[in-house]
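Everything below concerns the one structure shown next.
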Amino acid sequence: MSNILYPNVYVDSIFDISLEKLKKLKIRALIIDLDNTLTEWNSNIIASEIEEWFEQIKDEGFKACILSNNGEERVVKVADKLGIPYIPKAAKPRRKSFYKAMALLESSAKETAVIGDQVFTDVLGGNRAGLFTILVVPINRKEFMGTKISRAMEYFVLRRFKNSKQDI
């Protein structure tokens, strides 16, 4: 896709991402958003299915890192429970934090995917860094007020893109 706001793939949740297809694309590292991608907004509760998915990706040989605009105190609790590295206060969509995550994962842009629920942070930042971007539908409608404003703008971007929603 040529539009920097469009993800490469748009799915309902992380569970709709085929690890086999990612392997075929030579993706081996995953940079993953926290709020409304892995947990509900502002929650440290990790569903057992999410924990199982992380065990599966590790078993399949993928490396993962949480990249979040949240503060460290919150992000570390989830990352430690999942046993993966993290980068808090990421200032997404700035590219610097995506590059830092790739350094932690020891991966290149060609072998790294970003998974997140927001067009203007996760997709825009990932695309600007040259990564494969996967947009997921938010887990819950409850979210930060600033995100609600962004969602209104996302509607217009996704309205044009929604016919391309696909599994990977």
Side-chain angles (χ1 to χ4, degrees), residues 5 7-17 19 22 27-109 111-151 153-154:
L5 296 176
N8 293 103
V9 177
Y10 185 22
V11 295
D12 287 327
S13 78
I14 61 170
F15 306 115
D16 296 314
I17 300 168
L19 300 179
L22 286 179
I27 302 290
R28 63 177 196 81
L30 306 173
I31 298 172
I32 308 172
D33 176 52
L34 179 59
D35 282 330
N36 269 330
T37 301
L38 297 178
T39 65
E40 290 186 7
W41 175 72
N42 212 26
S43 172
N44 295 330
I45 299 170
I46 304 167
S48 60
E49 296 85 6
I50 297 287
E51 290 184 67
E52 291 168 12
W53 187 78
F54 271 88
E55 289 305 316
Q56 181 184 3
I57 65 170
K58 289 175 188 176
D59 290 346
E60 294 282 337
F62 289 92
K63 292 181 179 181
C65 173
I66 292 176
L67 185 66
S68 177
N69 286 345
N70 278 282
E72 184 168 9
E73 186 176 324
R74 170 137 185 280
V75 180
V76 69
K77 291 176 184 174
V78 176
D80 282 353
K81 189 165 186 182
L82 295 173
I84 61 172
Y86 64 93
I87 298 171
K89 298 181 182 178
K92 295 182 286 183
R94 299 183 97 178
R95 288 176 286 204
K96 183 178 179 180
S97 59
F98 291 91
Y99 296 145
K100 187 175 178 182
M102 284 188 285
L104 273 176
L105 297 170
E106 299 176 331
S107 64
S108 69
E111 55 193 7
T112 307
V114 175
I115 304 169
D117 69 302
Q118 291 187 57
V119 168
F120 295 105
T121 56
D122 307 307
V123 173
L124 177 59
N127 284 339
R128 290 182 68 226
L131 310 177
F132 187 84
T133 53
I134 303 171
L135 181 66
V136 298
V137 174
I139 292 173
N140 194 304
R141 292 177 53 93
K142 182 181 175 188
E143 51 199 355
F144 176 66
M145 182 54 76
T147 304
K148 289 182 181 192
I149 294 166
S150 293
R151 293 278 185 221
M153 293 183 288
E154 277 184 8

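- In terms of heavy-atom proximity, Leu131 sits nearest to Ala109 at CD2-CA, 3.5 Å.
- Between the CD atom in Glu111 and the CD atom in Glu106 there is a gap of 10.5 Å [rounded to 0.5 Å].
- Thr133 contributes a side-chain N or O that, together with a main-chain N or O of Asn8, makes up a donor-acceptor pair within less than 3.5 Å.
- Listed here is the closest heavy atom pair of Asn44 and Lys77: ND2-CD, 3.4 Å.
- The two residues Pro85 and Leu104 come nearest to each other via the heavy atoms CB-CD1, 4.1 Å.
- Between Leu30 and the options Leu22, Thr112, Val114, a side chain to side chain contact (heavy atoms under 4.5 Å, CB included) holds for only Leu22.
- When all heavy atoms of Lys81 and Glu51 are compared, the pair lying nearest together is CE-OE2, 3.7 Å.
- Although no hydrogens or angles enter the test, the distance criterion places no donor-acceptor pair under 3.5 Å between the side chain of Asp117 and the main chain of Val137.
- Minimum interatomic distance between Phe54 and Ala64 (heavy atoms only, all atoms of both residues): CE2-CB, 4.0 Å.
- Considering CZ of Arg95 and CG of Asn127, their distance stands at 11.5 Å, rounded to 0.5 Å.
- Between Glu72 and Tyr86, the closest side-chain pair of non-hydrogen atoms falls below 4.5 Å.
- At least one side-chain heavy atom of Leu34 sits under 4.5 Å from a side-chain heavy atom of Thr39.
- Nearest approach of Ala90 to Ser97, heavy atoms of both residues: O-OG, 3.0 Å.
- Residues Ile46 and Leu38 are not in side-chain contact: their nearest non-hydrogen atoms beyond the backbone lie 4.5 Å or more apart.
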Do Leu5 and Leu124 pass the side-chain contact (heavy atoms from CB on, under 4.5 Å) test, and can you show the C-alpha distance, the side-chain angles, and the key distance before you say yes or no? CA-CA 5 Å; Leu5 296 176; Leu124 177 59; 4.0 Å; yes
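- Within the 4.5 Å cutoff, side-chain heavy atoms of Val9 are placed close to those of Phe132.
- For the atom pair CD of Glu60 and CH2 of Trp53, the computed distance is 11.0 Å after rounding to the nearest 0.5 Å.
- Counted within 6.0 Å of NZ on Lys63, heavy atoms from surrounding residues, nucleotides or ligands total more than 12; the atom is thus considered enclosed.
- For Lys96, the NZ atom is loosely surrounded, since the number of other residues' heavy atoms within 6.0 Å does not exceed 12.
- Atom-to-atom distance recorded for Ile17:CD1 and Ile57:CD1 is 9.5 Å, nearest 0.5 angstrom.
- With hydrogens and angles disregarded, a donor-acceptor distance shorter than 3.5 Å links the side chain of Lys92 to the backbone of Leu67.
- Annotation: side chain of Ile14 is in contact with side chain of Thr37 (closest heavy-atom distance under 4.5 Å).
- Asp122 pairs in a side chain to side chain contact (heavy atoms under 4.5 Å, CB included) with only one of the listed residues (Asp33, Ile31, Asn69), which is Asp33.
- With rounding to the nearest 0.5 angstrom, the CD1 atom of Ile84 is 8.5 Å from the CG atom of Leu105.
- Put simply, the side chain of Val76 does not reach to within 4.5 Å of the side chain of Pro88, judged on heavy atoms.
- Atoms OG and CD1, from Ser68 and Ile32 in turn, are 12.5 Å apart once rounded to the nearest 0.5 Å.
- In this structure the side chain of Tyr10 never reaches within 4.5 angstrom of the side chain of Asp16, judged on heavy atoms.
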